[in-house]
Structure formats: structure tokens, C-alpha cells
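Chain A is the first sequence line, chain B the second, and so forth, proteins listed ahead of strands; every chain is numbered from 1. These numbers come from the heavy atoms of this one structure, side chains and all, not from hydrogens, waters or symmetry mates.
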2 protein chains.
Amino acid sequence: MTDDAPPLDAEQLGAYFALMEVSSLVQHAVEQQLRASGDLSWVQFSILARLADTPGGSARMTDLADGVVYSRSGLTYQAGLLDKAGLITRRPSSDDERSTTVTITDEGRAKVAAVLPGHVDVVRQMLLDPLSRRDLNTLGAVLTRVRDHLRAAPPRSAKPRTRGGAG
Amino acid sequence: MTDDAPPLDAEQLGAYFALMEVSSLVQHAVEQQLRASGDLSWVQFSILARLADTPGGSARMTDLADGVVYSRSGLTYQAGLLDKAGLITRRPSSDDERSTTVTITDEGRAKVAAVLPGHVDVVRQMLLDPLSRRDLNTLGAVLTRVRDHLRAAPPRSAKPRTRGGAG
DNA sequence: GTGCCATGCTTCGAATTCGGAGTAATTTAG
DNA sequence: CTAAATTACTCCGAATTCGAAGCATGGCAC
């Protein structure tokens with residue numbers, strides 16, 4: 001077991017709880033707005049936005065799943081919904097037959113364009129408004145560093161693909 | 001409608017995305033750890049932790065729901081699970097008969113104590129390690145300001161309690 | 001005291017999520 | 001080239017989540 005796990009002090013706890021609460025609140029509000037303005041969930045919007053931001057408007061399922069923190073099966077489900085709604089198309093990748101290439105449709109782009117202003121509004125109102133430009137830069141810098149750290153050393157997804165060599 | 005919603009610039013987008021991704025990653029990892037070490041979900045842990053931190057170890061459902069960003073029905077469900085597991089007890093409040101007072105049991109406290117070290121470990125490893133003390137303070141301060149702002153002007157939970165006479 | 005609305009919680013049905021099993025295709029080893 | 005391992009995705013069942021409706025209690029007006 002853990003021999004010594006010194007508790008977190010007030011500052012650490014405060015930062016942790018504030019992070020979780022703020023992100024929860026923001027995500028909840030964004031989800032409501034997205035649902036009301038375009039019948040989209042947060043995940044669906046994330047998928048569409050990511051596709052819209054990609055040069056060809058296409059990506060493989062895996063790339064999508066990596067970008068969005070999401071299970072593969074959940075992504076399949078949502079992609080099915082999006083497909084049925086005509087916002088994306090799916091077809092086997094030409095390069096790898098086992099891979100599915102997802103492409104955003106014009107209707108999908110229109111949907112993103114339609115909900116984006118409201119989305120931005122909510123984010124601005126909830127997250128950006130109370131922050132000075134300086135605070136914003138700092139927040140971005142700090143969180144980016146954390147994210148890079150997480151990507152470099154994921155505690156759960158660490159899949160040493162060559163289990164034998166270096167440990 | 002939104003007449004003009006100027007898009008977010010790179011810094012704003014970066015901060016927003018980084019916030020959502022980091023919190024998602026951290027929550028996911030914490031959830032895995034909690035599940036593995038004590039068969040608890042994040043919400044269940046939040047409930048227990050909040051109760052354990054309360055003087056009498058008790059709280060009303062409403063207070064719990066306010067603290068955790070959660071629907072009432074979801075809280076009822078989780079409280080039922082926690083009750084069945086013997087980690088909390090529920091009984092009608094002596095003050096308000098319609099209110100349910102939730103109290104953490106000794107077993108509940110033991111559970112919290114059991115999973116806390118691992119929980120702290122994960123948080124430290126994922127969030128705290130890559131941050132300097134200075135960064136941590138800044139992060140906490142900035143996020144706290146955002147949270148206060150959100151609590152002061154909730155865009156969705158705004159519940160004008162005097163509905164204007166009409167019913 | 002009686003009637004009416006607000007509040008607190010639970011139940012219900014529908015939708016979403018996850019992990020694991022299953023299928024198909026690519027890569028690697030010999 | 002053939003067999004085994006790996007990778008990519010989908011299907012399935014179980015668990016969790018939410019919003020709306022329902023039930024009971026409390027506060028208030030009269």
C-alpha cells in the first residue's frame with residue numbers, strides 16, 4: 001500500500017476542487033446551450049468541431065477518440081447518431097480497410113456554424129468574462145503545461161508496447 | 001438572437017480547451033482509481049467526502065445536490081446505492097419531515113480514509129506535479145474567481161423564486 | 001382551521017455511457 | 001506465403017444519468 005501519502009494542503013485542494021467544479025459547471029451550461037440551440041450533445045459538437053477544423057474535413061475514428069476523451073464504443077454510438085442525422089458520413093478508409101473515415105457534411109458544417117455563436121457566448125460569459133487578459137494567458141499556459149505532462153505520462157493509458165526491454 | 005458573436009482568439013480557445021481536456025483527463029483517472037481501490041464512483045466519493053467534512057457528518061439531500069453538480073434524481077439513485085452499501089444512512093429530517101437527512105456511517109468514513117491516499121496520489125501525479133508552487137497558487141486564484149462569478153450569476157440555474165405572480 | 005402554492009424527495013422511462021466480446025484487416029516472424 | 005499477434009471498429013448487456021411527473025409536507029393567506 002501507500003506508505004506515506006501526505007495529504008494535500010489547502011492551496012492544492014482549492015485548486016483541484018475549483019478546477020473540477022468550474023469545468024463541470026461550464027460543461028453543463030454548454031451542454032444545455034448546445035442542446036437547446038441545435039440538438040447537439042457536447043461530444044457531438046466536439047466531434048463536428050474537430051472535423052470542421054481538419055483540412056479535409058475527415059478523420060479516422062481513432063483520431064477522433066484520441067482527441068475527445070471518450071470510449072471507443074461511445075464514439076461509435078455518437079457517430080451513428082451523427083451519421084443518421086446527416087451531419088457526417090462514414091466509409092472505410094482507402095488506406096486501411098479496417099479503419100473508418102469520418103467526414104463532415106455541408107449540413108454538419110452548417111450545424112456547427114449555427115451553434116457556434118451561442119456556444120462562444122456561453123464560454124465567454126462563464127469562463128472568460130471574469131478573467132483579465134493576463135489571467136487568461138496564465139490559465140492557458142498552466143493548463144497547457146498540465147496537459148502536455150498528461151500526454152507524456154498517462155497513468156492509465158500507458159501501454160508499454162514492448163514489455164520486455166527497458167522498464 | 002446573437003447579432004454579432006466575435007469568435008474567440010487563440011488564447012481564449014486554448015484556455016477553454018485545455019481546461020476541458022485536463023479536467024476530463026483528471027476526472028477519468030480519478031474515477032478509475034476510485035473504482036479499483038474502493039468500488040466508488042466519483043460522485044459517490046464526492047458525497048462521502050462532503051459528508052465526512054461536515055461537522056455532524058450529516059446533510060440534507062438538497063445541500064448535497066448543491067455541492068455536487070448533479071441532478072436530484074441522480075443523487076437519489078447514488079444515495080440509494082450508498083445506503084445499501086452501508087456507507088450512509090437516510091432518515092427523515094427532524095426539522096422538516098419532507099427533508100431527508102443523510103449521515104455518513106463509520107464504515108463510510110473508513111471507506112473514505114481507505115481510498116483517499118490513492119486519490120491524492122492520482123491528483124498529485126496528474127495535476128500537481130507539473131506545477132510550481134507559484135503556478136498552483138495562480139491556478140487556484142483564477143479558478144476560484146471564475147467559480148465565484150459563476151455562483152453569483154448562474155446562466156441556467158437562475159431561479160427567480162418569485163415567479164412574477166403568475167403561476 | 002382550511003385551501004393553495006412552494007419545497008423536498010422519489011419514481012419512472014428514455015437516452016447515454018462504458019467495458020468486454022466479437023469480427024475483419026494489417027503487420028510481423030519464419 | 002502462412003500463422004500469430006496487433007490494431008480498428010462495432011455489437012451487446014449492465015450501469016448511470018437526466019427531466020418530468022408524482023407524492024407528501026410546510027408555509028401563508030384568509
Side-chain angles (χ1 to χ4, degrees), chain A residues 24 27-32 34-36 39-47 58-66 68-85 88 90-102 156-157 159-164, chain B residues 24 27-32 34-36 39-47 58-85 88 90-102 156-157 159-167:
Chain A
S24 240
Q27 175 156 0
H28 209 74
V30 164
E31 209 140 312
Q32 303 254 345
L34 249 25
R35 178 68 61 192
D39 260 313
L40 284 179
S41 69
W42 160 261
V43 185
Q44 292 171 338
F45 174 76
S46 297
I47 295 173
S58 301
R60 297 179 308 156
M61 293 289 283
T62 296
D63 298 336
L64 249 30
D66 280 348
V68 185
V69 182
Y70 217 62
S71 70
R72 297 304 213 271
S73 48
L75 183 60
T76 295
Y77 176 75
Q78 289 295 347
L81 258 46
L82 254 25
D83 190 357
K84 196 159 55 180
I88 63 170
R90 287 184 294 176
R91 62 174 178 183
S93 177
S94 52
D95 196 7
D96 290 333
E97 194 66 25
R98 62 196 160 159
S99 197
T100 298
T101 298
V102 178
R156 280 299 298 171
S157 301
K159 251 323 179 27
R161 65 188 63 199
T162 54
R163 194 62 165 75
Chain B
S24 241
Q27 176 156 0
H28 209 74
V30 163
E31 209 142 311
Q32 302 254 344
L34 249 24
R35 178 69 60 192
D39 260 313
L40 284 180
S41 70
W42 161 261
V43 186
Q44 291 170 339
F45 174 75
S46 298
I47 295 173
S58 301
R60 296 178 309 155
M61 293 289 282
T62 295
D63 297 337
L64 248 30
D66 279 348
V68 186
V69 182
Y70 218 62
S71 69
R72 299 301 215 268
S73 48
L75 183 61
T76 295
Y77 175 75
Q78 288 296 346
L81 258 44
L82 255 24
D83 190 357
K84 196 160 57 182
I88 64 170
R90 288 183 294 176
R91 62 174 178 182
S93 177
S94 51
D95 194 8
D96 289 334
E97 194 68 24
R98 61 197 160 160
S99 193
T100 298
T101 297
V102 177
R156 286 302 297 174
S157 303
K159 256 282 191 58
R161 67 189 60 203
T162 52
R163 200 65 190 318

Hey, does the side-chain of A/Ser73 have a donor or acceptor N/O within less than 3.5 Å of a partner on the base of C/dG19?
yes
So [X], base contact, sugar-phosphate only, or nothing? Heavy-atom distance under 4.0 Å.
X        : result
B/Thr100 : sugar-phosphate
A/Ser99  : sugar-phosphate
A/Tyr77  : base
A/Thr76  : base

For [X] versus [Y], what's the shortest heavy-atom pair and its separation?
X       : Y       : answer
A/Arg90 : A/Gly80 : NH2-CA, 3.6 Å
A/Ala79 : A/Met61 : CB-CE, 4.2 Å
A/Leu34 : A/Trp42 : CD2-CA, 4.1 Å

Can you find a heavy atom in the side chain of [X] that is under 4.5 Å from one in the side chain of [Y]?
X        : Y       : value
A/Arg35  : A/Asp39 : yes
A/Thr100 : A/Thr76 : no
B/Val68  : B/Leu75 : no

Grab the N/O contacts between the protein and nucleotides 26-29 of chain C below 3.5 Å, and write none if there aren't any.
| from | atom 1 | to | atom 2 | distance (Å) |
| --- | --- | --- | --- | --- |
| C/dT26 | OP1 | A/Glu97 | N | 3.2 |

For atom [atom1] of [X] and atom [atom2] of [N], their distance in whole Å:
X       : N      : atom1 : atom2 : value
B/Arg72 : C/dT7  : CZ    : P     : 11 Å
B/Leu81 : D/dT17 : CG    : C1'   : 13 Å
B/Arg60 : D/dG26 : CZ    : C1'   : 13 Å
A/Gln78 : D/dC9  : CD    : C1'   : 16 Å
B/Arg35 : C/dT17 : CZ    : C1'   : 13 Å
B/Met61 : C/dT7  : CE    : C1'   : 14 Å
A/His28 : D/dT17 : NE2   : P     : 12 Å
B/Asp66 : C/dC9  : CG    : C1'   : 14 Å

Of D/dT10, D/dC18, C/dT17, the nucleotide closest to the side chain of B/Ser71 is D/dC18
Reported CG-to-NZ distance for the pair A/Leu81 and A/Lys84, which is rounded to 0.5 angstrom:
5.5 Å
Could you list by number each residue of residues 39-47 of chain B showing a heavy-atom separation from DNA chain C of less than 4.0 Å, or answer none if no residue does?
none
Could you tell me whether the phosphate oxygens of C/dG19, OP1 or OP2, come under 4.0 Å of any side-chain nitrogen or oxygen in B/Gln32?
yes
Within the pair B/Arg90 and C/dT10, is there a side-chain N or O less than 4.0 Å away from OP1 or OP2?
yes
B/Ser58 pairs by side chain to side chain contact (heavy atoms under 4.5 Å, CB included) with which of B/Val102, B/Ile88, B/Thr101?
B/Thr101
